[in-house]
2 protein chains.
Amino acid sequence: MGETLTEHENQLDGQDQKQGPDAGGALYRRVAADLREAITTGAYGEAGRLPAEGALAERYGVSRGTVRQALAVLRADGLVTSRRGTRRVVLGNARVQSFSELLSFTHWARSMGEEPGGQLESLIRRPADAAEREQLRLDPGAEVYVTLRLRTLSGTPVMVERTIYPPHVGVLVAKLPPDVVSHTEHLREHGILFTDADHTIDVVAANGEDAKLLGCRRGAPLLRERRRTTDPTGRPVEWSQDRYLPGMVAFSVHNSLATSALSRHARESD
Amino acid sequence: MGETLTEHENQLDGQDQKQGPDAGGALYRRVAADLREAITTGAYGEAGRLPAEGALAERYGVSRGTVRQALAVLRADGLVTSRRGTRRVVLGNARVQSFSELLSFTHWARSMGEEPGGQLESLIRRPADAAEREQLRLDPGAEVYVTLRLRTLSGTPVMVERTIYPPHVGVLVAKLPPDVVSHTEHLREHGILFTDADHTIDVVAANGEDAKLLGCRRGAPLLRERRRTTDPTGRPVEWSQDRYLPGMVAFSVHNSLATSALSRHARESD
DNA sequence: GGGGCAAAGTTGGCTGACCAACTTGATGGA
DNA sequence: TCCATCAAGTTGGTCAGCCAACTTTGCCCC
């Protein structure tokens with residue numbers, strides 16, 4: 001009971017417990033956000049112990065179940081441990097970005113204080129091949145929109161992005177001016193939402209096109225991320241293949257016995 | 001109400017609702033396992049809708065809260081969507097492996113039906129440098145154990161593994177014969193548990209040592225995975241750097257607005 | 001001092017209940 | 001026919017309570 005925190009000590013002040021404009025509307029999200037803040041600023045120390053669930057519940061004026069929900073978020077992000085019988089322990093200062101920073105090159109760049117750029121090299125419409133129909137769950141005979149873009153950070157080329165869009169998304173992309181930086185943002189404003197994504201990360205050699213755009217040798221190694229994104233209803237909205245120059249980017253994941261989402265697997269035929 | 005499933009229709013048969021020897025002890029884990037089975041075998045169709053939470057609760061004879069806990073697992077694995085107002089939809093057949101398959105080269109290889117091998121090239125004990133003390137949370141003056149191993153799949157070299165162990169783990173590793181395939185398994189039997197891991201994935205060029213062991217050119221691109229693993233108490237037990245030959249392996253992640261754990265970030269200095 | 005043991009503290013798991021927010025489909029009117 | 005409205009169905013979120021399993025601490029006894 002002798003714990004005295006200089007901050008994070010009162011019960012979610014602001015707006016009479018209504019949804020404040022800063023934090024997420026749900027109670028457990030606000031508790032999670034507050035605890036995350038407290039942890040990353042070192043309020044509990046490097047490997048310190050968190051207060052008990054009951055104590056947190058009392059402090060925030062919520063039920064223990066809500067606190068548990070909040071802590072589950074932090075556990076999934078790899079911020080704290082979680083085992084029966086003992087208090088939670090701070091694991092690390094893992095800064096896990098928002099979902100959008102992973103999906104949108106633009107958001108990611110801006111969050112680092114860099115200026116993102118994108119130049120559309122080509123946009124064509126053509127019938128989908130078998131693999132594309134499979135990935136985007138399209139009927140035989142359906143068409144797809146294929147874009148090729150060179151992405152830059154503060155002017156220097158970083159990544160080549162090849163994206164396949166299903167028709168209902170492609171028509172919107174096709175209407176965009178070629179110098180629009182963020183397709184994702186534009187699509188969101190037109191009601192196309194991105195909620196789930198599967199990522200696969202490996203290494204490939206640069207082909208002629210990659211080499212010309214990125215200014216590297218043909219055959220030079222590139223970090224490749226393939227991504228299939230779906231909307232809230234589960235409908236695929238994008239199938240993209242991004243190729244990064246080495247040394248510019250790395251991908252980070254946390255996984256644990258509790259919640260694992262990453263998997264290593266043998267590369268299937270390309 | 002007209003749903004008739006040929007399987008997965010009764011209430012978790014076996015052992016009088018006690019923890020069966022096959023499934024996880026917790027009730028929600030068994031429900032999750034059963035639903036995963038049903039989904040991956042296509043019982044609900046490609047993009048079909050799952051039964052309502054209430055219906056599942058009744059079917060399995062558990063409360064709705066338990067069903068929700070089970071479904072949260074599937075949602076985190078990217079198997080189903082989850083939005084307010086409508087039934088859950090099957091997202092994909094994502095086969096997410098167990099935590100151990102990611103941490104242990106041996107487990108991973110065996111799960112693919114390949115024969116893993118490992119040859120210890122060197123094992124030395126020396127004072128930890130600043131970075132190692134930081135990663136493994138060691139006191140100044142502490143020593144570390146450094147291993148270098150060449151990993152093979154069915155005889156062919158695949159990966160070079162450099163692992164830094166803190167003293168309490170290193171002493172155990174040092175006692176192992178040089179041809180032990182799975183260090184992880186051996187350590188687990190001696191009470192060293194692996195529960196949480198942070199992974200960072202990027203590309204590096206092979207140095208002279210890599211080239212000699214893997215049989216590739218110096219400067220050839222390798223897929224690098226750096227991993228820091230901790231035990232249940234949050235204490236670091238390993239800091240490893242694995243370098244894979246390209247084309248042999250890829251990493252997969254699922255993330256969503258609900259649960260995001262992956263992050264892309266600019267590469268800091270090496 | 002050391003080892004075993006009991007008790008307190010803490011998280012995991014499960015239940016039942018309630019309301020809010022949202023989606024979908026049907027109904028009915030312009 | 002088309003559109004607005006409404007009602008039913010469904011998931012999200014929160015609460016209170018209970019017990020089990022586990023860890024840690026401190027006590028007692030040898």
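Lettering of chains follows the sequences in order, A, B, ..., and the numbering in each one begins at 1. Quantities reported herein were computed from a predicted structural model and do not represent experimental measurements. All heavy atoms count here, side chains included; hydrogens, waters and symmetry mates do not.
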Take a 6.0 Å sphere around CZ of A/R110 and say whether it holds more than 12 heavy atoms from other residues, nucleotides or ligands.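 Result for CZ/A/R110: enclosed.
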Is the number of heavy atoms from other residues, nucleotides or ligands under 6.0 Å of A/E134 CD greater than 12?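 No, the 6.0 Å shell around CD holds no more than 12 heavy atoms from other groups.
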Any side-chain N or O of [X] under 4.0 Å from OP1/OP2 of [N]?
X: B/T66; N: C/dT15; answer: yes
X: A/R88; N: C/dT10; answer: no
X: B/R84; N: D/dT10; answer: no
X: B/S82; N: D/dG12; answer: yes
X: B/R83; N: D/dT11; answer: no

Using whole Å, what does the distance between atom [atom2] of nucleotide [N] and atom [atom1] of [X] come to?
X: A/L50; N: C/dG9; atom1: CG; atom2: P; result: 19 Å
X: A/L56; N: C/dT11; atom1: CG; atom2: C1'; result: 12 Å
X: A/E53; N: C/dG9; atom1: CD; atom2: C1'; result: 12 Å
X: B/R75; N: D/dG13; atom1: CZ; atom2: C1'; result: 12 Å

DNA chain D: A/S63 or B/T233, which has the more 5' nearest nucleotide?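 Closer to the 5' end of DNA chain D: A/S63.
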Find which nucleotide of DNA chain D each of B/G85 and B/R68 is nearest to by heavy atoms, and output the residue with the more 5' nucleotide.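 Nearest nucleotide further toward 5': that of B/G85.
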Could you please name the option among [options] that lies closest to any side-chain atom of [X]?
X: B/Y28; options: C/dC14, C/dT24, C/dT11; answer: C/dC14
X: B/R87; options: C/dT11, D/dT14, D/dT11; answer: D/dT11
X: B/Q69; options: C/dT23, C/dG13, C/dT10; answer: C/dG13
X: A/L27; options: D/dC15, C/dC14, C/dT11; answer: D/dC15

Could you walk me through whether A/T195 and B/S256 pass side-chain hydrogen bond (donor to acceptor under 3.5 Å, both in side chains), step by step? CA-CA 5 Å; A/T195 55; B/S256 76; over 6 Å; no
Distance criterion of 3.5 Å, no angle test: do you see the side chain of A/R64 paired donor-to-acceptor with the base of C/dG12?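 Indeed there is one.
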Distance-only side-chain donor-acceptor flag, B/H254 / B/D77, under 3.5 Å: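 No donor-acceptor contact under 3.5 Å links the two side chains.
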Exactly one of B/T230, B/D231, B/L103 should register a side-chain contact (heavy atoms from CB on, under 4.5 Å) with B/F194. Which one does?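 Exactly one option meets the side-chain contact (heavy atoms from CB on, under 4.5 Å) with B/F194, and it is B/L103.
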